[in-house]
Amino acid sequence: MFLTALKKQNPALIDTAADYLRKGRLLPDTYVIDVDQFTANANRIKAKADELGIKLYAMTKQIGRNPELARILVDECQYQGIVCVDFKEARQLAGAGIKVAHIGHLVQPPSGMITSIVENIQPEVITVYSLDKAREISAAAVNANRTQGILLKFYRVDDHMYVNQESGFPFEQLEQVLAAITALPNIKLAGLTHFPCFLYNPKTQTTQPTKNLSTLKLSGDQAKALGYSIEQLNGPSSTSCETLPMLAEYGGTHGEPGHALTGTTPANQDGSQPEKISMLYLSEVSHHYEEHSYCYGGGYYRRGNLVSALVWQNDINQTEQEMIVPVSNDDDSSIDYHLKLEGKFAIGSPVIMAFRTQIFVTRSDVALISGISQGAPRLMGVYDSLGNEVFHG
């Protein structure tokens with residue numbers, strides 16, 4: 001999906017990853033991240049957000065809940081903190097000493113972890129989908145002698161919901177829900193949220209607001225009309241330099257960059273966006289079967305729009321040539337032990353791919369490399385897909 005953009009925007013990352021594989025410094029099934037370009041993307045998004053008066057919670061699930069990159073985002077780039085889309089990510093990053101700012105969206109914190117979250121992690125906000133969960137948070141906040149901020153999500157019947165992510169309060173119940181929530185002790189209604197607020201339109205090749213963003217604005221307007229102070233309208237999904245101005249137009253106050261940090265928003269398929277590709281997927285040819293080559297898998301994401309790979313092959317003069325070939329996974333329901341490449345290539349040949357991913361649901365390693373653009377690459381470390389360190393550079 002992003003191979004063309006990768007070759008256009010960051011060819012040095014390709015060369016570095018392939019070189020590290022040949023030298024045995026990296027293994028197949030590794031996402032390789034150009035830390036300098038990642039940081040440049042983060043700073044570029046932050047500058048645009050500052051210009052528009054929007055605050056940012058950074059999302060790390062796509063990059064494997066990586067604590068080193070999270071630390072860069074908070075400490076160096078001055079993001080408000082990390083948004084943890086599930087409670088295990090909150091546990092992982094808080095344990096690494098990272099500031100966790102937002103929990104509960106997309107996954108509610110479980111009852112058995114509420115006390116730990118409220119007392120120890122102390123996020124700025126917790127998104128709440130039910131009065132029962134709000135009551136649990138309220139009780140924990142009373143016991144901890146602190147006030148916990150929460151966000152609420154209201155939806156209308158024609159809003160866009162991903163399968164298994166259906167959640168929130170009906171818009172028609174807004175007045176009753178707000179009254180019930182604000183009556184709870186040690187709870188502060190910080191604001192409202194929704195998801196997804198932006199989606200890519202392949203026909204126009206631009207990212208556009210969804211109906212959800214209109215619902216978010218309408219909910220905020222209705223809450224203010226009822227006399228409630230709404231400090232935060234959080235409009236996540238595809239937060240980037242492209243979408244931040246639109247978020248501001250709708251009154252949004254907070255965004256949550258994820259894919260834009262690695263330059264892998266759908267709008268950047270042609271390499272046209274200010275955020276440059278800073279991540280690729282590295283594999284190597286494992287074996288042949290009939291007329292095809294198979295490379296090591298483990299990092300395939302079925303919604304990633306993976307279509308092609310870059311492979312090296314020796315020509316008749318034994319000179320290595322780059323080739324872009326089709327790559328496929330014939331059955332999304334099967335484990336991706338391998339991915340199939342069209343054609344036969346030498347065993348051990350490096351394979352480079354670039355596609356939309358969610359590293360935290362893969363088996364992949366994550367390698368962080370700095371100094372690529374200066375021609376002096378340095379392997380900072382290798383982590384597993386959940387942010388645990390495998391190797392320190």
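The residues of the chain are indexed from 1 along the displayed sequence.
S214 is listed as a side-chain neighbour of Y250, based on a closest heavy-atom distance under 4.5 Å. With contacts defined as side-chain heavy-atom distances shorter than 4.5 Å, the pair P209/E249 does not qualify. Contact annotation: the side chain of E284 never approaches that of P350 to less than 4.5 Å [non-hydrogen atoms, C-beta and beyond]. When side chains are defined from C-beta on, C77 counts as touching I72, because their heavy atoms get closer than 4.5 Å. The side-chain heavy atoms of Q269 and F2, taken from C-beta on, include a pair separated by under 4.5 Å. Within the 4.5 Å cutoff, the side chain of I347 has no heavy atoms near those of the S286 side chain. For the pair Y383 and P67, the minimum side-chain heavy-atom distance is below 4.5 Å. Residues Q37 and Q9 have side chains not in contact (no heavy-atom distance under 4.5 Å, counting atoms from C-beta outward).
Using a distance-only test at 3.5 Å, with no hydrogens or angles considered, no donor-acceptor pair links the side chain of S349 to the main chain of V285. No donor-acceptor pair under 3.5 Å is formed between the side chain of S308 and the backbone N or O of I324. Side chain of S116 to backbone of M113: no donor-acceptor contact under 3.5 angstrom is found. Although no hydrogens or angles enter the test, the distance criterion places no donor-acceptor pair under 3.5 Å between the side chain of N43 and the main chain of A40. Side chain of Q62 to backbone of R356: no donor-acceptor contact under 3.5 angstrom is found. The backbone N or O of N212 sits less than 3.5 Å from a side-chain atom of T210, completing a donor-acceptor pair. Between the side chain of N329 and the main chain of L339, no donor-acceptor pair closer than 3.5 Å is present. Judged purely by atom type and a 3.5 angstrom limit, S138 has no side-chain atom pairing as donor or acceptor with the backbone of N186. A distance-only check finds no donor-acceptor pair linking the side chain of D34 to the backbone of S278 [under 3.5 Å]. Between the side chain of H160 and the backbone N or O of C197, no donor-acceptor pair lies under 3.5 Å.
For the pair D330 and K340, the tightest heavy-atom approach, listed with the atom from each and the gap, is OD2-NZ, 2.8 Å. Scanning all heavy atoms of the two residues, the minimum distance from Y79 to A58 falls at CD2-CB, 3.6 Å. Between I181 and A134, the shortest heavy-atom distance links the atoms CD1-CB, 3.4 Å. Taking every heavy atom of both residues into account, L216 and G235 meet most closely at CD2-CA, 4.0 Å. Taking all atoms of both residues into account, the shortest heavy-atom contact from F360 to D86 is CE1-OD2, 4.2 Å. A pairwise comparison of heavy atoms in F38 and T262 identifies CD1-CG2, 4.0 Å as the closest pair.
Cluster membership for Y200 and I45, using ILVMFWY side-chain heavy atoms within less than 4.5 angstrom, is not shared. Residue L13 is grouped with residue Y20 when hydrophobic side chains (ILVMFWY) are merged at heavy-atom distances under 4.5 angstrom, including chains of intermediate members. Grouping the Ile, Leu, Val, Met, Phe, Trp and Tyr side chains by contacts below 4.5 angstrom, directly or via other members, places L368 with L261. Under the 4.5 Å side-chain contact rule for hydrophobic residues, L233 and V125 do not share a cluster. When hydrophobic clusters are built by joining Ile, Leu, Val, Met, Phe, Trp and Tyr residues whose side-chain heavy atoms come closer than 4.5 Å, directly or via intermediates, M380 is grouped together with I63.
Y281 and T357 share no side-chain donor-acceptor pair at under 3.5 Å. Q205 and D270 share no side-chain donor-acceptor pair at under 3.5 Å. Using modelled atom types and a 3.5 Å distance limit, the side chains of T204 and T206 yield a donor-acceptor pair. Checked by atom type, the side-chain pair N388/Q92 shows a donor-acceptor distance below 3.5 Å. In this structure, a donor-acceptor pair under 3.5 Å is present between the side chains of S364 and D29.
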**Criterion side-chain contact (heavy atoms from CB on, under 4.5 Å) on L178 and L152, from CA distance to verdict** = CA-CA 9 Å; L178 292 182; L152 301 179; 3.6 Å; yes

**Item:** Stepwise side-chain contact (heavy atoms from CB on, under 4.5 Å) test for L379 and L26
**Value:** CA-CA 9 Å; L379 182 60; L26 290 179; 4.2 Å; yes

**Request:** Check the pair I137 / I187 against side-chain contact (heavy atoms from CB on, under 4.5 Å), numbers first and verdict last.
**Result:** CA-CA 8 Å; I137 295 169; I187 288 289; 3.6 Å; yes

**Asked** Could you walk me through whether E322 and K7 pass the side-chain contact (heavy atoms from CB on, under 4.5 Å) check?
**Response** CA-CA 11 Å; E322 295 179 2; K7 287 172 64 66; 3.3 Å; yes

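Within a 6.0 Å sphere centred on CG of N164, heavy atoms belonging to other residues, nucleotides or ligands number 12 at most. The number of heavy-atom neighbours closer than 6.0 Å to NZ of K61, taken from other residues, nucleotides and ligands shown, is above 12. In this structure, D158 places its CG atom where more than 12 heavy-atom neighbours from other residues, nucleotides or ligands lie under 6.0 Å away. For CD of E175, the number of neighbouring non-hydrogen atoms (other residues, nucleotides, ligands) closer than 6.0 Å is 12 at most. Within a 6.0 Å sphere centred on NZ of K211, other residues, nucleotides and ligands contribute 12 heavy atoms or fewer.
Within the model, atoms OG1 of T215 and NE2 of H194 stand 5.0 Å from one another, a figure rounded to the nearest 0.5 Å. A distance of 9.5 Å separates CG of N66 from CD of E389, quoted to the nearest 0.5 Å. The distance from the CD atom of Q313 to the OG atom of S293 is 8.0 Å, given to the nearest 0.5 Å. L56 CG to Q78 CD: the interatomic distance, rounded to the nearest 0.5 Å, is 12.0 Å. Between Y296 atom OH and S283 atom OG the span is 8.0 Å, to the nearest 0.5 Å. Separating the OG1 atom in T16 from the CZ atom in R25 is a distance of 10.5 Å, to the nearest 0.5 Å.
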For residues 98-111, run the donor-acceptor check on the side chains, cut-off 3.5 Å, and write out each pair with its distance to 0.1 Å, sequence neighbours left out.
| unit_1 | atom_1 | unit_2 | atom_2 | d |
| --- | --- | --- | --- | --- |
| K99 | NZ | Q80 | O | 2.9 |
| K99 | NZ | E124 | OE2 | 3.3 |
| H102 | ND1 | E256 | OE2 | 2.8 |
| H102 | NE2 | T127 | OG1 | 2.7 |
| Q108 | OE1 | Y129 | N | 3.0 |
| Q108 | NE2 | G104 | O | 3.0 |
| Q108 | NE2 | T127 | O | 2.9 |
| S111 | OG | E136 | OE1 | 3.3 |
| S111 | OG | E136 | OE2 | 2.8 |

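A salt bridge does not link R302 with D336: every distance from a Lys NZ or Arg NE/NH1/NH2 to an Asp or Glu carboxylate oxygen is 4.0 Å or more. Using a cut-off of 4.0 Å between Lys/Arg side-chain N and Asp/Glu carboxylate O, K224 and D221 are scored as not salt-bridged. A salt bridge links E231 and K188; the closest N-O separation between the charged side-chain nitrogens and carboxylate oxygens is under 4.0 Å.
By the 30° and 60° cut-offs, the orientation of the rings of Y300 relative to F355 is tilted. Classification of the H287-Y294 ring pair by plane angle, with boundaries at 30° and 60°, yields parallel.
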